[in-house]
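Structure below; questions to follow.
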There are 2 protein chains.
Amino acid sequence: MSSRSQAIADTLTRAIIDHRLVPGCKLGERELAEIFNVSRIVVRQALIRLADDGLAQIERNRGAFVAKPGMQEAIEIYDALTLVEQGVAAQLSDRLGPVGWAELRQHVERQRQAVANGNDALADVLGQEYHTVFVRLSRNKVMQDIHAQLLRRTTLLRSLITADFDYCNLLDDHARLIDLLEKGRLKQAMELIDTHHRAVVRGYIMDRQVFPEMTPREALAPYLEGSLNGVAKPAVAKKMEEEGAKATHRHVHASKQT
Amino acid sequence: MSSRSQAIADTLTRAIIDHRLVPGCKLGERELAEIFNVSRIVVRQALIRLADDGLAQIERNRGAFVAKPGMQEAIEIYDALTLVEQGVAAQLSDRLGPVGWAELRQHVERQRQAVANGNDALADVLGQEYHTVFVRLSRNKVMQDIHAQLLRRTTLLRSLITADFDYCNLLDDHARLIDLLEKGRLKQAMELIDTHHRAVVRGYIMDRQVFPEMTPREALAPYLEGSLNGVAKPAVAKKMEEEGAKATHRHVHASKQT
DNA sequence: AATTTATTGATTGATATCCAATCTTGTGTT
DNA sequence: AACACAAGATTGGATATCAATCAATAAATT
């Protein structure tokens with residue numbers, strides 16, 4: 001393993017994109033140090049990594065908090081994501097061979113099956129992963145890192161919103177994008193990426209108030225190595241289960257850990 | 001000021017993009033701690049920041065070194081930069097008003113004067129800054145950060161190469177890009193950005209061997225607050241002065257501190 | 001009673017010291 | 001010359017400590 005601070009940063013990242021640690025949540029050094037059973041210094045280093053990634057915000061002499069982006073920043077993140085994916089699309093439309101297209105199609109198919117089976121949590125993960133696979137095909141690690149970071153930040157954003165859009169629609173977009181690109185209709189493909197993300201960000205109604213409902217200790221418990229309780233579940237998914245399937249479509253926006 | 005580790009990270013970044021700290025150079029914790037007169041831990045935090053930025057590489061139990069990207073990574077960085085700037089160009093061609101175009105033109109003009117006056121160092125800084133101004137016009141902070149980071153990494157790359165291309169050519173590119181974009185010839189503009197960067201990366205002949213010729217202490221001396229020796233000079237520029245103006249065109253690729 | 005001021009407590013930023021693990025180097029042996 | 005082994009140095013991390021700052025309460029004044 002690389003360094004302990006990196007491991008802790010990874011765990012915190014996981015917890016944040018699983019929506020177990022929500023924006024605004026205080027990340028006290030001493031508290032985290034106790035939770036992870038390490039010294040404060042290691043925690044501090046982890047927090048620095050998180051802040052560099054845009055997932056945490058460190059305020060001098062006040063401590064670190066899970067980042068709480070405003071609407072403006074949300075728009076900027078999605079604009080940046082659009083820009084990156086459009087660029088990758090342009091590259092792929094030239095260079096990608098049939099094997100690549102097949103991989104993408106297969107991925108979409110897996111997501112379609114997940115939707116058919118009612119496994120919304122899996123479908124959501126696959127929906128996210130599609131974008132990752134897409135960018136990976138560019139064979140550019142630098143670009144992949146940038147994109148992955150942007151994706152994490154969009155996932156964080158979903159903690160702040162009421163998800164009221166239908167992502168079955170978005171699944172179609174994924175399939176259509178492949179078709180358009182393979183046929184070389186780049187202009188339309190880029191248009192599609194733009195509308196796709198706009199559809200997402202339009203659905204965002206930032207309800208400024210987010211209530212933690214969990215202490216960091218509870219939120220992080222499932223990730224600690226001592227845990228024998230199986231795999232950690234996203235906070236939202238859990239809530240959904242408790243509430244039962246009230247809506248016809250359940251929109252789970254948390255990612256399951258790999 | 002934010003934190004000391006951030007300040008040190010900034011100084012190290014400055015030194016790296018000024019080519020005073022060259023790729024492969026060891027960044028020992030104890031040594032830097034003495035130089036900056038801080039504890040090792042603060043240095044370590046600074047190094048973590050640098051590594052997250054792609055400017056340093058931390059090897060477990062071996063320490064930190066100034067990053068030494070290979071040819072593959074160089075290509076990827078420039079591809080990513082191309083992708084970002086093409087995307088920004090596409091946005092700007094729609095949305096940018098005459099004020100924005102004027103700002104860009106004014107910037108090119110300043111660089112042209114610098115070239116005319118033989119102030120190559122300034123010309124180089126302005127040439128870099130052009131790209132920054134360009135992206136700033138997108139009014140997207142997230143994108144600006146990503147772009148700035150990529151630019152820093154390209155500057156690092158210039159430590160590894162023999163600069164043998166004529167950047168007067170590139171200055172023309174800057175002016176032409178504005179013309180093309182304002183006239184809405186987006187396709188050609190994007191092509192130009194691509195060739196522009198390819199021209200740069202083509203000129204790269206990575207001479208694997210880079211000799212430090214400076215200890216970190218010497219390299220960092222000009223940036224320490226105690227220094228009354230005036231402004232730090234880029235290592236390359238200094239060397240140029242010593243050698244005198246042997247070539248008809250001097251190609252200075254280090255940036256002066258602001 | 002309400003507002004302002006002080007005091008207290010908690011948290012962060014940072015240092016010094018110490019220790020274990022690991023890497024490097026130098027030496028000695030075969 | 002090649003290999004093994006033993007210092008020596010460096011990193012990763014823990015702990016304890018201290019100053020500075022923020023938050024919240026208690027006290028004092030109007």
Side-chain angles (χ1 to χ4, degrees), chain A residues 1-13 21 23-53 55-68 211-212 215-217 219-220 223-226, chain B residues 1-13 21 23-53 55-68 211-212 215-217 219-220 223-226:
Chain A
M1 190 181 294
S2 53
S3 64
R4 204 162 295 215
S5 65
Q6 182 64 61
I8 291 174
D10 289 344
T11 300
L12 289 175
T13 299
L21 290 171
C25 176
K26 171 105 197 247
L27 301 171
E29 289 185 5
R30 198 171 310 267
E31 187 176 7
L32 293 178
E34 282 177 25
I35 292 173
F36 289 107
N37 208 35
V38 294
S39 72
R40 271 175 57 206
I41 291 166
V42 178
V43 171
R44 186 114 117 246
Q45 290 164 356
L47 291 175
I48 288 175
R49 290 191 147 100
L50 245 69
D52 276 356
D53 239 43
L55 293 183
Q57 185 181 352
I58 298 176
E59 294 176 32
R60 180 165 180 99
N61 286 321
R62 284 190 23 89
F65 306 82
V66 177
K68 197 172 174 179
F211 33 118
T215 69
R217 193 180 297 272
L220 292 167
Y223 304 103
L224 301 180
E225 45 191 343
Chain B
M1 192 181 294
S2 52
S3 65
R4 202 163 291 226
S5 67
Q6 183 63 62
I8 291 174
D10 289 344
T11 301
L12 289 174
T13 299
L21 290 172
C25 175
K26 171 106 197 244
L27 301 171
E29 290 184 2
R30 201 170 312 265
E31 188 175 6
L32 294 178
E34 281 176 26
I35 293 173
F36 289 108
N37 207 35
V38 294
S39 72
R40 269 177 56 206
I41 288 167
V42 176
V43 170
R44 191 119 111 238
Q45 290 164 355
L47 292 175
I48 288 175
R49 290 191 146 97
L50 245 68
D52 277 355
D53 238 41
L55 293 182
Q57 185 181 350
I58 298 176
E59 294 175 33
R60 181 168 179 94
N61 286 321
R62 284 189 24 89
F65 306 83
V66 177
K68 196 173 176 181
F211 34 114
T215 68
R217 195 180 296 270
L220 292 167
Y223 305 103
L224 301 179
E225 47 190 343

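Within every chain, numbering begins at 1; the chains are lettered A, B, ... in the order of the sequence lines, protein sequences first and strands thereafter.
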Inset, instruction - Please report, rounded to the nearest Å, how far the P atom of dT11(C) is from the CG atom of N61(A). - result: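 Going from CG in N61(A) over to P in dT11(C) covers 13 Å.
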
Inset, instruction - Please state whether the phosphate of dT12(C), meaning OP1 or OP2, lies under 4.0 angstrom from any side-chain nitrogen or oxygen of R62(A). - result: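 So the side chain of R62(A) is outside the cut-off, no N or O lying under 4.0 Å from OP1 or OP2 of dT12(C).
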
Inset, instruction - Give the rounded distance in Å between these two atoms: CZ of F65(B) and P of dT24(C). - result: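 These atoms are roughly 8 Å apart.
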
Legend entry - Between P of dT22(C) and CZ of R4(A), the distance in whole Å: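 The distance from CZ of R4(A) to P of dT22(C) comes to 12 Å, rounded to the nearest Å.
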
Inset, instruction - Provide, to the nearest angstrom, the distance between the CZ atom belonging to R40(B) and the P atom belonging to dA14(D). - result: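 Rounded to the whole Å, the gap is 13 Å.
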
Inset, instruction - For I41(A) and for G63(A), find the nucleotide of DNA chain C with the closest heavy atom, then tell me which residue's nucleotide is more 5'. - result: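 Of the two residues, G63(A) wins.
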
Inset, instruction - Drop me the distance from Q45(A)'s CD to R49(B)'s CZ, to the nearest 0.5 angstrom. - result: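 Those atoms lie 11.0 Å apart.
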
Inset, instruction - Establish, with yes or no, whether the OP1 or OP2 oxygen of dA9(D) is under 4.0 angstrom from a side-chain nitrogen or oxygen of K26(B). - result: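 Answer no for this pair, as no side-chain N or O of K26(B) is under 4.0 Å from OP1 or OP2.
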
Inset, instruction - To the nearest Å, give me how far apart CD (Q6(A)) and P (dG12(D)) are. - result: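 Distance, rounded to whole Å: 13 Å.
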
Inset, instruction - Please round to the nearest 0.5 Å and tell me the distance separating atom NZ of K26(B) and atom CZ of R62(B). - result: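 So the gap between those two atoms works out to 7.0 Å.
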
Inset, instruction - Using atom CD1 of I8(B) as one end and atom P of dA14(C) as the other, report the distance to the nearest whole Å. - result: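 These atoms are roughly 9 Å apart.
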
Inset, instruction - List the steps and the verdict of side chain to side chain contact (heavy atoms under 4.5 Å, CB included) for L32(B) and I8(B). - result: CA-CA 9 Å; L32(B) 294 178; I8(B) 291 174; over 6 Å; no

Legend entry - Nearest-Å distance for atom pair CD/C1', residues E31(B) and dA9(D):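 These atoms are roughly 14 Å apart.
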
Inset, instruction - To the nearest 0.5 Å, tell me how far F65(A) CZ sits from L47(A) CG. - result: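 Between F65(A) CZ and L47(A) CG, I get 11.0 Å after rounding to 0.5 Å.
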
Inset, instruction - Identify which nucleotide among dA14(D), dG13(C), dG12(D) has an atom closest to any side-chain atom of I58(A), counting heavy atoms from C-beta outward. - result: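 The answer is dG13(C).
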
Legend entry - Separation of dG13(C) P from R44(A) CZ (nearest whole Å):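 Value for this atom pair: 5 Å.
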
